[in-house]
Amino acid sequence: MSDEKRTEISDLGEFGLIEKINESARAELTTTIKGIGDDASVHDAGDKYILISTDLLIEGVHFDLAYMPIQHLGFKAIAVNISDIVAMNGTPKQMTVSLALSNRFSAEAVQVFYEGVKAACEKYNVDLVGGDTTASPSGLMISVTAMGECDKEKIVYRSGAKENDILCVSGDFGGALVGLQVLEREKQEFLANPEMQPKLDDYEYIVGRQLRPQARLDIVHELAQVGVVPTSMIDVSDGLTSDLFHICKQSDVGFSIYEDKLPIDKQTFETAAEFSMDPNACALNGGEDYELAFTVKQEDFDKIEKFEDISSIGYMHSKEKGRVLVTSGNQIIELEAKGWKHF
Ligand code: ADP
Ligand code: MG
């Protein structure tokens, strides 16, 4: 390899790198229905599909223990994986959790972490069935794998969106990013003056969005209740725009979303202003909301309209019409994926 040219991973980007990995991935078994490229892989298990998804959480990259209580971290590690199973319209069933721990961590700290894991397992009705434990030269690394299942006729990929489908989302957006700004500010104030108590009372909702995100399993249940199977779905972990781009790329469509339809919580809105951030930009580009974005056929939309936590934000159209935001002033703006970048 030494004579060959060196490509920086940051030039390729996370998704470019995954595409390269995919080129050498084997997916030959007839039971491998979907390999790399969606929120979870899909496997034929006879009368059902089995879903598998895995995530890695690294201290200093994904979380900062200066403001992340370790119990919440345990909860979040499970919730974000369940979110990927949910994004396939599946039901999570079993989890494995693996830890690499530096000697900074005590057995008690690990126990508290697992209290959070247990709380999430109870909330989402999943079992913790294994994992691995090892030493780390520095910091904490957490690897979680979630397994779930889905009725074959209910599976939803990123690739099924069609022109004229209605684009829907669950919950609200931007809260986790603005919550993170609050936590960062309090951390800096604490570092400057360790006597100070954090002032988080006015920011409870958005801080909770950052520290203890929820997987939207309730939305999968609601969809099932009214017999609606979305045409495509993704969970929004990197940012609404950049995750919608995955749907566009895999479904070969474009979309229009309306600025005044973006669901933004009042606390997100007001706190964004406090940080001189544009709340709409926070909703479009902020990561870690772990809400669902999905498309439904027009005729299915009135069946789900009644659900309070589902809103329509736009519609899908041809790729040629682009991926655009229609502003409150009726301007059409071509969107860019400015979401979370790991490299
Ligand atoms: P998500 O944000 O939903 O967790 P990712 O963007 O992490 O999804 O991953 C996209 C797809 O790429 C998934 O199908 C995932 O399994 C796959 N993937 C990511 N990293 C690797 C890797 N190192 N090897 C094989 N597949 C990978
Ligand atoms: Mg995902």
Side-chain angles (χ1 to χ4, degrees), residues 10 12-18 37-39 53 55-58 61-63 76 79-81 83-84 86-87 158 161 167-184 205-211 213-216 219 232-251 253-265 267-269 271-272 275-295 311-314 316 322-327 333-343:
S10 54
L12 212 54
E14 180 188 349
F15 302 118
L17 184 64
I18 295 173
D38 218 301
D39 291 296
S53 178
D55 265 315
L56 199 51
L57 298 171
I58 306 293
V61 178
H62 299 99
F63 58 88
K76 184 170 176 174
V80 302
N81 263 266
S83 181
D84 279 322
V86 160
R158 295 174 177 179
L167 176 53
C168 300
V169 291
S170 65
D172 57 76
F173 287 81
L177 172 68
V178 183
L180 184 63
Q181 309 308 308
V182 172
L183 289 165
E184 286 283 353
Y205 177 70
I206 55 174
V207 164
R209 297 286 287 166
Q210 172 58 225
L211 297 182
Q214 307 291 325
R216 298 311 305 256
I219 301 289
S232 71
M233 183 147 65
I234 190 166
D235 72 320
V236 180
S237 50
D238 293 340
L240 181 58
T241 308
S242 79
D243 283 320
L244 286 178
F245 277 23
H246 290 303
I247 287 189
C248 285
K249 193 166 178 214
Q250 297 198 27
S251 301
V253 289
F255 64 79
S256 289
I257 55 182
Y258 296 90
E259 190 174 48
D260 55 10
K261 290 193 166 200
L262 289 172
I264 301 175
D265 184 80
Q267 201 173 86
T268 305
F269 200 90
T271 315
F275 284 90
S276 306
M277 294 166 88
D278 171 12
N280 291 320
C282 293
L284 289 168
N285 303 319
E288 297 208 289
D289 289 313
Y290 295 100
E291 294 294 344
L292 295 171
F294 57 97
T295 54
S311 29
S312 70
I313 59 165
M316 312 311 280
R323 302 176 286 199
V324 304
L325 176 75
V326 183
T327 69
I333 297 175
E334 192 80 29
L335 287 168
E336 286 170 60
K338 290 190 197 139
W340 177 259
K341 284 201 175 54
H342 292 283
F343 296 103

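For reference, positions follow the sequence shown, starting with 1.
In this view, N280 and E259, L262, I264, D278 satisfy the side-chain contact (heavy atoms from CB on, under 4.5 Å) rule, not counting sequence neighbours. Listed by chain and residue number, R158 satisfy the salt bridge (Lys or Arg N to Asp or Glu O under 4.0 Å) test with D39 (two or more places apart in sequence, or in another chain). Take E288 and apply the salt bridge (Lys or Arg N to Asp or Glu O under 4.0 Å) test, not counting sequence neighbours, and it matches K76. When the side-chain contact (heavy atoms from CB on, under 4.5 Å) test is applied to A272, the partners found at least two apart in sequence or on another chain are V178, M277, P279, C282. For the side chain to side chain donor-acceptor pair (under 3.5 Å) test, residues two or more places apart in sequence or in another chain that qualify with Q214 are K123, Y124.
Taking CG of L167 as the reference point, atom CD1 of I313 lies at 4.0 Å (rounded to 0.5 Å). Taking OG from S170 and CZ from R216, the interatomic distance works out to 4.5 Å, rounded to the nearest 0.5 Å. Here the straight-line distance linking atom OG of S251 with atom CG of L244 works out to 10.5 Å at 0.5 Å rounding. The structure places OG of S232 at 9.5 Å from CZ of F294, a figure rounded to the nearest 0.5 Å. Interatomic distance, F173 CZ to T268 OG1, rounded to the nearest 0.5 Å: 11.0 Å. In this structure, the separation between CD on Q210 and CZ on F63 is 12.0 Å, given to the nearest 0.5 Å.
In summary, of the residues considered (L177, D265, D172), a side-chain contact (heavy atoms from CB on, under 4.5 Å) with R209 occurs for D172 alone.
Using a 4.5 Å cut-off on side-chain heavy atoms (C-beta onward), P213 and D289 make no contact. Contact of the L183 side chain with the L211 side chain is registered, since non-hydrogen atoms from C-beta on lie closer than 4.5 Å. In this structure, the side chains of L284 and L335 come closer than 4.5 Å at one or more pairs of heavy atoms.
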Please report the C-alpha distance between Q181 and T271 in whole Å, then the side-chain angles of each, then the deciding distance to 0.1 Å, and finally whether the side-chain contact (heavy atoms from CB on, under 4.5 Å) criterion is met. CA-CA 9 Å; Q181 309 308 308; T271 315; over 6 Å; no

What do the steps show when you test E291 against L240 for side-chain contact (heavy atoms from CB on, under 4.5 Å), and what is the final call? CA-CA 9 Å; E291 294 294 344; L240 181 58; over 6 Å; no

Just do the side-chain contact (heavy atoms from CB on, under 4.5 Å) check on L292 and V86 with the steps written out, would you? CA-CA 8 Å; L292 295 171; V86 160; 3.6 Å; yes

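Here the closest heavy-atom approach between residue G171 and residue S311 is recorded as O-OG, 4.5 Å. The shortest non-hydrogen separation linking S312 to K261 is O-CD, 3.5 Å. Nearest heavy atoms, S53 versus N81: O-OD1, 3.3 Å. Between V80 and S83, the shortest heavy-atom contact is O-CB, 3.4 Å. The minimum heavy-atom distance between L325 and Y258, with the atom names listed, is CD1-C, 4.3 Å.
By the 30° and 60° cut-offs, the orientation of the rings of H246 relative to F15 is perpendicular.
For the salt bridge (Lys or Arg N to Asp or Glu O under 4.0 Å) condition, the pairs that include at least one residue of residues 239-250, sequence neighbours left out, are E19-K249.
Annotation: F269, atom CZ; neighbour count of heavy atoms from other residues, nucleotides and ligands within 6.0 Å does not exceed 12.
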